[in-house]
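Bear in mind that the values here come from a model prediction, so they are computed numbers and not experimental data. Reminder, nothing fancy here: chain letters follow the sequence lines and each chain counts from 1.
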Amino acid sequence: MTFSRPNPKKLKITGISEFFADMLRALPECGENLCPDAEARIFQLPTTDPALEELACDWRVHVHEGLHEGFLAARDAVRSDLRAMVAGDGGEATLAIPPAHAEAWVNATTQARLALASAHGFTDEELSRPMETPVSTPRGMIRLQMDFYAAIQEWLLEALD
Amino acid sequence: MATETTELPASETEIRLDPPWNVVVHNDPVNLMSYVTRVFRKVFGYPKDRARRHMLEVHNNGRSIVWTGVRERAEFYVEQLHAHLLLATIERASE
């Protein structure tokens with residue numbers, strides 16, 4: 001698999017195997033139907049101070065709605081790019097990300113990584129170490145998925161810099 | 001045009017300034033260091049060095065006060081940070 005930017009108007013991932021193509025297609029869904037822990041992490045409150053309870057209430061009403069819309073828009077942009085992902089004769093796919101969608105991809109990969117980490121209870125310590133769990137285990141597979149999305153994000157951040 | 005000047009009675013006025021508020025970003029193990037730095041640059045307009053310094057403070061100390069000022073502005077910044085999925089809170093600067 002190759003991440004490239006042949007010119008400023010093109011961000012491309014080529015040579016995507018079916019395995020990683022499926023992982024890419026799963027990306028937008030990760031930010032949906034969140035478990036309570038992921039919901040609390042992604043839709044946070046600005047304070048835990050009981051004296052600022054009014055602010056927390058206002059936040060739930062006014063800010064969270066805007067965040068829902070923003071996160072959904074990012075996932076929709078990613079979905080539209082994924083629909084255009086094409087597989088070549090050898091079965092390997094190519095994904096083109098319009099530079100105008102790069103921010104949306106960064107946001108959607110962040111949503112997905114946070115949701116996966118919360119849903120599967122990854123600890124700080126576990127995530128600060130390189131992947132140790134075998135990919136053959138469900139937990140190892142989730143960690144691979146998180147690391148794959150992180151690699152895409154790093155590449156996009158470099159392109160945006 | 002004639003103008004009149006009215007002299008107001010002397011009075012004592014107490015002006016209470018709203019105390020400053022901190023925007024605090026907390027460490028989380030998921031967000032990438034490069035991403036956190038970029039968000040600080042984008043949201044606050046910080047130069048790369050300052051953004052990176054705050055990111056390292058978050059990473060090493062668990063939190064960093066990234067901005068201090070009036071409450072309304074602090075709330076605006078926290079909302080922006082939440083939109084970028086950074087773990088962020090607001091607190092009174094005296095805390």
Which of Leu127(A), Leu156(A), Thr109(A) touches chain B most, by non-hydrogen pairs under 4.5 Å: Leu127(A)

Within one Ile-Leu-Val-Met-Phe-Trp-Tyr cluster: Leu116(A) and Val106(A), side-chain cutoff 4.5 Å: yes

Interchain contact, Gln111(A) with chain B, by part (heavy-atom threshold 4.5 Å): both

I would like to know whether Asp161(A) and Arg41(B) meet salt bridge (charged side-chain N to carboxylate O under 4.0 Å, His left out); could you show each step before the answer? CA-CA 11 Å; Asp161(A) 204 9; Arg41(B) 290 177 68 191; 3.2 Å; yes

Is there a path of hydrophobic side-chain contacts, each under 4.5 Å between heavy atoms of I, L, V, M, F, W or Y residues, that connects Met1(A) with Phe19(A)? yes

Tyr77(B) and Ile65(B): same hydrophobic cluster, using ILVMFWY side-chain contacts below 4.5 Å? no

Given heavy-atom pairs under 4.5 angstrom as the criterion, report whether the side chain, backbone, both or neither of Phe43(A) touches chain B. neither

Any side-chain heavy atom of Thr89(B) within less than 4.5 Å of one from Gln44(A)? no

With chain A as the partner chain, list the residues of residues 29-37 of chain B whose heavy atoms fall under 4.5 Å from it, by residue number, and write 'none' if nothing qualifies. Pro29(B), Val30(B), Asn31(B), Leu32(B), Ser34(B), Tyr35(B)

Nearest 0.5 Å, what's the CG-CZ distance between Leu85(B) and Arg113(A)? 11.5 Å

Quick check: under 4.5 Å, non-hydrogen atoms only, which of residues 50-61 of chain B neighbour chain A? none

Distance, nearest 0.5 Å, that separates CG of Leu86(B) from CG of Leu114(A): 9.0 Å

Sorted by number, residues from residues 54-65 of chain A in contact with chain B (heavy atoms, under 4.5 Å): Leu55(A), Trp59(A), Val63(A)

Side chain, backbone, both or neither: which part of Glu103(A) has an atom under 4.5 Å from a heavy atom of chain B? side chain

Could you tell me the separation between the CG atom of Leu45(A) and the NE2 atom of His82(B), rounded to the nearest 0.5 Å? 8.0 Å

Checking heavy-atom separations under 4.5 Å from chain B, one finds in residues 20-35 of chain A none

Rounded to the nearest 0.5 Å, how far apart are CG of Leu52(A) and CH2 of Trp21(B)? 4.5 Å

Between Thr110(A) and His84(B), which heavy-atom pair has the shortest distance, and what is it? CG2-O, 4.4 Å

Considering only heavy atoms, which portion of Ser128(A) lies under 4.5 Å from any heavy atom of chain B: side chain, backbone, both, or neither? neither

Could you check if a side-chain atom of Arg92(B) sits within less than 4.5 angstrom of a side-chain atom of Asp49(A), using non-hydrogen atoms only? yes

